[in-house]
Each structure stands twice: as structure tokens, then as C-alpha cells.
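For reference, the structure is listed below as C-alpha cells.
So that the names make sense, note that chain A is the first sequence line, chain B the second, and so on, each numbered from 1.
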Amino acid sequence: MARASNPEISKKSAAAFAAPQGSDSENFSLRSLQDTLESDRRYQASQEELLHLYEQMLLIRRFEERAGQLYGLGLIGGFCHLYIGQEAVAVGLQSALEEGKDSVITGYRDHGHMLAYGIDPNVIMAELTGRQAGISKGKGGSMHMFSTEHAFYGGHGIVGAQVSLGGGLAFAHKYREDGGLCLAYFGDGASNQGQVYETFNMAALWQLPIIFVVENNQYAMGTSVKRSSAETEFYRRGTAFRIPGMKVNGMDLLEVRQAANVAIAHVRGGGGPVLMELETYRYRGHSMSDPAKYRTREEVQGVREKSDPIEGAKADLLKLGVNEDQLKEIDKRIRAIVSEAADFAEKSPEPEPTELYTDVLVESY
Amino acid sequence: MAIELKMPALSPTMEEGTLSRWLVKEGDTVSAGDVLAEIETDKATMEFESIDEGTVGKILVPEGSEGVKVGTVIAVLAAEGEDASAIQAPEADASAVQQSPEKGGSVTEKDEKASAGASTAELMEAKPTPKKADPEIPAGTNMIKVTLREALRDGMAEEMRRDERVFVMGEEVAEYQGAYKVTQGLLEEFGPKRVIDTPITEYGFAGIGTGAAMGGLRPVIEFMTFNFAMQAIDHIVNSAAKTNYMSGGQMRCPVVFRGPNGAASRVGAQHSQNYGPWYASVPGLIVIAPYDAHDAKGLLKAAIRCEDPVVFLENELLYGRTYELAQLDDHVLPIGKARIVREGKDVTIVSYSIAVGLALEAAEQLAAEGIDAEVVDLRTLRPLDTETVLESLKKTNRLVVAEEGWPTCSIASEIIAVCMEQGFDHLDAPVMRVCNEDVPLPYAANLEKLALIDTPRIVSAVKKVCYKG
Ligand SMILES: Cc1ncc(C[n+]2csc(CCOP(=O)(O)OP(=O)(O)O)c2C)c(N)n1
Ligand SMILES: [Mg+2]
């Protein structure tokens, strides 16, 4: 939803940006939300709901596999970061948002978040191949995709930048009193950037409606969390700013969804920011050109076998009475969607040369 | 001796003010700290206190006077024993000229400007310019083939062997062997004390590198690419570049910031920029942007030994290229010296970094058409070797700048300014520049190609300045 800016603000909201007066100075509890989550860890999804979420995860998986192939064929260039393994995070969290009200922002590993938001796979794939029909007219590429229509604010190539930008989106939600919140995703590696903590402080000081989401996939390129971080329990990193933390199994769709509900209730209730760490794993290299010498094949294989989010959801579906044939049907449908997206992306024409000079500035001077 | 009371400056930017009220009158005795008057600036009304003891002799500027220039004598104070009533106003009309303490108002504005101009030039000349020439490569020196990547690595390794204080720090430089493999093997040879992986915290580790240089070490700080150095640019510009000057030459900052710069291949707008002109605009920095392995190695070694902070701009697309390199024990090149990489007589193409390759290609094509182009590789962007550029211009009388970067406020702009200021008499045609298009770099393959400088564009610009296009 492209929203025109509304200059009207009430007196009430101006006061709302002042520091909270005499806030619960002794009562801050890092684990307050975690305790709520632990009392009931998994979301009770109906069969229909779970089928839908499963489909979304499967779409991301197949889409990313295909993107990897297209990269190999030279149809996609530059940097291309795949989301395979992390599907439950975007799908679980974003399914709890209110579309048209809340906003999402992330880094360069952004295909999954867009698909989880229901953005047309065709225009995403066409952006990856750099075509006119791409969501950024081919001018952004894999790392720089945006959809104001879906309140998806990118797609940012500079590690950590999206965190303060997310703070700004949350600021705007509060300023406009639109009831929305911002979900700002970033990696374990990004968590060490200074601007992250500057944003934590302001978000807590001004009680901004934001959920900071650390997608802890254990590595930042070739650097494991242990080698980069003095505090590897990322959910605790808001403690100094009195931001409650949550540590969530990011490989379990229903736990992610449950955690989202807890965090969203807190933020919407005016409780201020939440810092959520999702433990997850990327199966593929950091980007397409990663020799991956920093971990063993066994490690990757182990995670895949033990805690694959799609397999996990499949098991839940079977328990809910869905049968194998239904799942095969879904798989077929998803493959068709992805094939069509790949075809579309391959056949769409490149941008017109005149596009080189468009969109540099909005107005003419 | 009577004491002159002058209109005070009450803020760093105040040039004049209103003397709104006198709180004393002629004949009053005052002591230090007494409020004499109220003075209004554009920002506030402030009290003007006496610093001395004495008797108010003459009030020269009545209250209510507006636009009183800072430094104007507004009253005269008689010291103890002096007859206040006998004091005369100073000779010069106090309100007319703004008196500067040193010059006493006797120099007219025009003279002042002229003398200031002359003295700046003299001061610059007083600084001896070191003799710069590449050392001769002895005949019979063994030539080897190396990639730019290897040359850079070898340059760092040699300096690390030579000087214990040199260490390398950055993202993925150690265990991963460098995001672009430039630091390959360094961890193995020098260990984790001297080859250090950092978290993704550019601002922080650029500051740590700068501070370590202040503390006596010789840091080589790698940015995975210079795009990410924008997180850290405050330390490069504010901390590293200005320290020596601000400390009056006491505190040095011999740090090297290095990494790939410029457009790579289809990595989009946020990852494709040439920061050469940015850093080259900053006094206090050395900026180097080599093209081939010979220069890269020799200049990187020089940069590490240099007492000044250096920004060393490499190019990812050149890392894998193979070049001839003389096998020398200690190959160090002079900073601040351009190199004529191809001699010619008809036209000069000035370039640096990856565009040098394009300029050479263009020169080959032009030769086939009977135009003999000279190609100058600047190598160092700050300080700029204007001498070599102007010498070449004197010879060819025509000049084109080829730069992989935006045209606006570029190195090309600077070269053109230098040619206008110092080479005008030698010009037979306007100087032209060939740069990237003035847009953020697009991702789409066809648009990226259109946006970037290429050989045909250089060829056509050269023909234009030769009036053969
Ligand atoms: C400021 C900045 N520094 C470095 C990089 C290069 N870079 C891109 S991704 C990345 C690793 C980030 O890891 P993490 O935050 O854990 O996210 P993940 O890739 O695991 O999703 C690095 C170092 C960058 N894009 N921006
Ligand atoms: Mg990570």
C-alpha cells in the first residue's frame, strides 16, 4: 500500500515521543516474553492454515533452488543470496502480521520475505534476471527489491542499514498512529554493527512499535557466531536498553508463529520494541560464490536431516490428517508456479536503454 | 596608559553588534567584573564586563548604536593615577575601519589580499618537493608473471616480514583468506596476532586501526569493499586525515586503508562506486589507485612505510589479471608520481585504475587510424602529479581524461581544472572527459554496460579532440 504522508498529528502523539516517565525501573525482565512463549510453545494451526503456510515455505524453497540454477546458467548475475533452510522464519513471522498495516524490512537475503508476503514470484524472478518486468524494472537486482504496495521496504545491500531504517518505519507508524508495527530482519553478523545499538536505544527510549528479528543462521559469510561475537545469545543484546528478548527455534514454523503472536501482542499493546532471535541455518553458501570451507558437509547434512522446517511442517500436516496425495498435489502446483516464474524471467525483455536515466530523481529541475 | 575598550566578539561568528545600553557613564570608577554595557548580537543580548580597574574616561560609541564592528574602540578607561577627563579619543575614526589586532587598521583590504596571496604561494614553494622517479629495474632482472591479487599479497607479506608493527585487520581476512583472496596465506605465515578477523563493524575497526596507528603500529585495514568504508568514513576523514595537522605535527597516523573500489560486475548500485574523487578531495590523505601488479606492489609497500594515512584503492575486476613483474628484493615506488604507460605524440589520455586498461586499448585502436596517443596513469590521486600531466599536454596539446566513475566532481574535473589553470597556452582543443553515466549503477546487464565507461567512448572522445571525429 503506497501511503501518502499525512501531515496531521494530534497533540497526544507529540507527547508520546517523550521518554516514558518513571517506567518500570525495577521490573524490567529480559525474559518476560520468553516465559509467555515457553508456557505454550507452538501455535495451534488449523489444517487449512498450516497447508497455506506449508505451501509458502515450499514456494520459497523451490523458487530459491531455481534461482540457484538460473545463476549457474548465467541468467542471474552479481550477488545472489538464497534463503534455503530459513523458510520458517519469514513465513512464520509474516503470517502473523496484518497486511496493509504493518511493514517489513530486511537485508540482501530478501527473496523469501517477499514471497512470504505474497508478492508475485514472476516479478521477483524477473528482477533477478534483470528484466524490465522485474519489481525494480531490473535496476535493483537480487539485493535491492521493494514493494511499497505490500509495505515491504527492501532489500538493502549494506549490512546493518536496515535496522535503523526499520526504526524509522516504526517511528512513522507511531507518528501517524496507524496502529502498524515494523518487522526488521537482520543477521547474526549484522548484529555487531554500531547502528544496531543506536537504534535499540532510540526504539526503547521512544517506545517504537518494532520487532527486531535476528536471523541467527550461525554464520556471517565465513565467520561463525563464536568468532565474531562476545555475546552469542543475541536475544540478550537488548538488555542494556530494557528490550525484552526472545529466543526461538527458527526451524519450527509453529513455534515461530507462536512467538510472533506473543511479540506482536506486546508491541501493539504499547510495550515498545522486542528483540527476537531465531535460531536457523542456511543450507547453501553465503552467496553463489562461497567455497564454504568454514563448515563441514556433515554439519549441513545434520541440520537438514534433523530439523528441516519443511519436513517438520509436513509431519505436522500428516498428524492433522492431510494425506500424501494432497502434499504431492501441492508440490506439483508449486513447481508449476516456479517454472512459470523462471520462464517469465527468462523471456521478459531487458529494460529499454532509456531506463538508464529514469528514477534518478523524482522531480525535474 | 589609557586602556581601550573594544567591541567584543561574543560568538565565533559575530562580526558586528548593537551597543544597546551603557551601564556606566564617564567618570565612573569600575573594577574587574563590573558590567559596563549590554551588547546585542543577532542571537542574544550579552553583558560586557570590565577586565580592568579604572575610571571611565570617554565613551566613544553612544548607546543604541547599531552595526558596531567587532574590535571598534567603544570607550577608554583611565588607569589609576591618570586623569580620566584628559584622555582623548584615539586618532583613527574608530567606527570607520575594522581594526585587526596585528595590522592595526593601516593595511587596506586590497593590500591585505594581495600580500596574503603572495605569502601562501611562498609558503607552498618553501616546502621542498622530493625528487620522484621510479627506480631503474636493473638489466637482466628476472620477470615473472603474477596476478594483481598475488602482487598485493606479496607486498603486504614483505612489509610484515620487514616490520613487526605491520598487521592486517578486516572482515574475513584471516581464516577465509580474504573475501577476494587478497590476504591468502597471511594467517598461516604470520598467525592470528597479526592477521585479524573482525566482526562486521567497519566504523569500529577503522577507528581501532586509526587509533593503533596513533599508538605506534602500522595497521593495514582491509575493507571488504570500499562501499562498506562509508560506514567508517568519519574515521578516515576526521580521525586519520586531520590528526597530524591538528596536533601541529606531533601525532602521526600511518594507517593504510585498502580494498576493492569501483564497479564490479552486476552487484548493483550500493556495491559499485568509485571513491577516488571522494578521498582525493581531503587534505591530509594520500590516495593511491594503481592499475597493474608492478605499481600495486611497489605502491602498497610504499603506502605501508608512509608516515601519512593512505587510502589504497584496488579494483576487484583486476585482481585476477596477470601482469609482468620484475623480481626485485625490495620493490618500492614513489608515491605522488604518475607514469607514462604508453608514449605518443598526438594526444594524451590521462587515466587511473581499471580505465588505464581501456585507455591502452583505445590507444591501440587509434594507432591503427593514425592517431598516436600517449597514456598517462596517475597511480596516485592525491597528491596529484600535475607536472607529468602538463608535460605530456605540452607535447601533445590535446587531452582526454578516462575515468571509471561519475563525471561530476571527479578526478577528471580536477585534471581539466589543472589544464585550464596551468596548461591553457598549450591546448589546441578543449579537454574532454570520458566517465560513467551520471546515474546509480543499474543491475540489468544491458543497462550496466551502457552506464560504464568503455573503449569505444574513449576512442570517439580522442577523435573529437583531434578534430577527426
Ligand atoms: C557494511 C557492510 N559490510 C560488509 C558487507 C559484506 N557482507 C555482505 S553479507 C555479509 C555477511 C552478513 O552476515 P549476517 O548478518 O549473519 O547475514 P546472513 O548473510 O547470514 O543472512 C557481509 C560481510 C556489506 N554488505 N555491508
Ligand atoms: Mg548469518
Side-chain angles (χ1 to χ4, degrees), chain A residues 74-80 108 127-132 134 136-145 156-161 187-196 220-225 227-230 286-287 289-291 293-294 349-360, chain B residues 170-181 184 187 192 196-208 223-225 227-232 234-235 263-273 316 406 408 436-452:
Chain A
L75 284 160
I76 297 174
F79 293 133
C80 183
Y108 43 84
E127 188 59 37
L128 301 190
T129 53
R131 305 305 167 98
Q132 180 78 43
S136 302
K137 302 184 201 155
K139 286 151 73 162
S142 160
M143 299 189 286
H144 312 296
M145 296 194 276
H156 296 269
I158 300 302
V159 168
D188 45 284
S191 301
N192 292 319
Q193 285 285 32
Q195 62 179 313
V196 171
M221 292 188 75
T223 304
S224 68
V225 159
R227 293 204 305 113
S228 67
S229 299
H286 167 72
S287 66
S289 50
D290 176 359
K293 294 221 180 88
Y294 48 84
E350 288 191 311
E352 288 296 322
T354 49
E355 283 291 356
L356 188 56
Y357 307 97
T358 59
D359 306 319
V360 178
Chain B
E171 291 161 21
E172 309 285 1
V173 297
E175 294 200 8
Y176 198 80
Q177 310 294 321
Y180 296 101
K181 300 286 172 278
Q184 189 139 35
L187 175 65
I196 303 153
D197 278 326
T198 64
I200 310 170
T201 50
E202 290 84 5
Y203 186 35
F205 71 73
I208 286 182
F223 292 113
M224 190 175 284
T225 78
N227 302 287
F228 315 140
M230 274 211 277
Q231 307 280 319
D234 180 64
H235 279 309
S265 176
R266 297 195 65 200
V267 291
Q270 292 184 326
H271 284 66
S272 315
Q273 297 178 72
E316 188 199 323
W406 289 313
T408 308
N436 295 348
E437 291 301 305
D438 204 7
V439 297
L441 200 69
Y443 166 74
N446 66 329
L447 296 186
E448 187 187 65
K449 210 156 167 271
L450 283 174
L452 293 172

query: Tell me, side chain or backbone of A:Met143 under 4.5 Å from chain B's heavy atoms, or both, or neither?
result: side chain
- prompt: Where does A:Asp359 contact chain B at under 4.5 Å (heavy atoms): side chain, backbone, both or neither?
  reply: neither
field: Exercise: do A:Glu127 and B:Tyr443 side chains pair donor with acceptor under 3.5 Å
entry: no
task: Mind ranking A:Asn192, A:Leu356, A:Ile158 by heavy-atom pairs under 4.5 Å with chain B and telling me who comes out on top?
output: A:Leu356
task: Using a cut-off of under 4.5 Å on heavy-atom pairs, state which of A:His144, A:Arg131, A:Lys137 scores highest against chain B.
output: A:His144
task: Could you look at A:Gln132 and say if it's the side chain, the backbone, both or neither that has a heavy atom under 4.5 Å from chain B?
output: neither
query: Of the listed residues (A:Ser228, A:Cys80, A:Gly77), which shares the most heavy-atom pairs with chain B below a 4.5 Å separation?
result: A:Gly77
task: For B:Ser272 and B:Asn227, work out which heavy atoms get closest and say how close.
output: N-OD1, 3.4 Å
- line: If you tally heavy-atom pairs under 4.5 Å between each of A:Pro351, A:Gly141, A:Pro353 and chain B, the highest tally belongs to A:Pro351
B:Trp406 vs B:Gln273 side-chain heavy atoms within contact, under 4.5 Å: yes
query: For A:Ser229, is it the side chain, the backbone, both, or neither that has a heavy atom closer than 4.5 Å to a heavy atom of chain B?
result: neither
task: Check whether any side-chain heavy atom of B:Glu171 lies under 4.5 Å from a side-chain heavy atom of B:Phe205, and answer yes or no.
output: yes
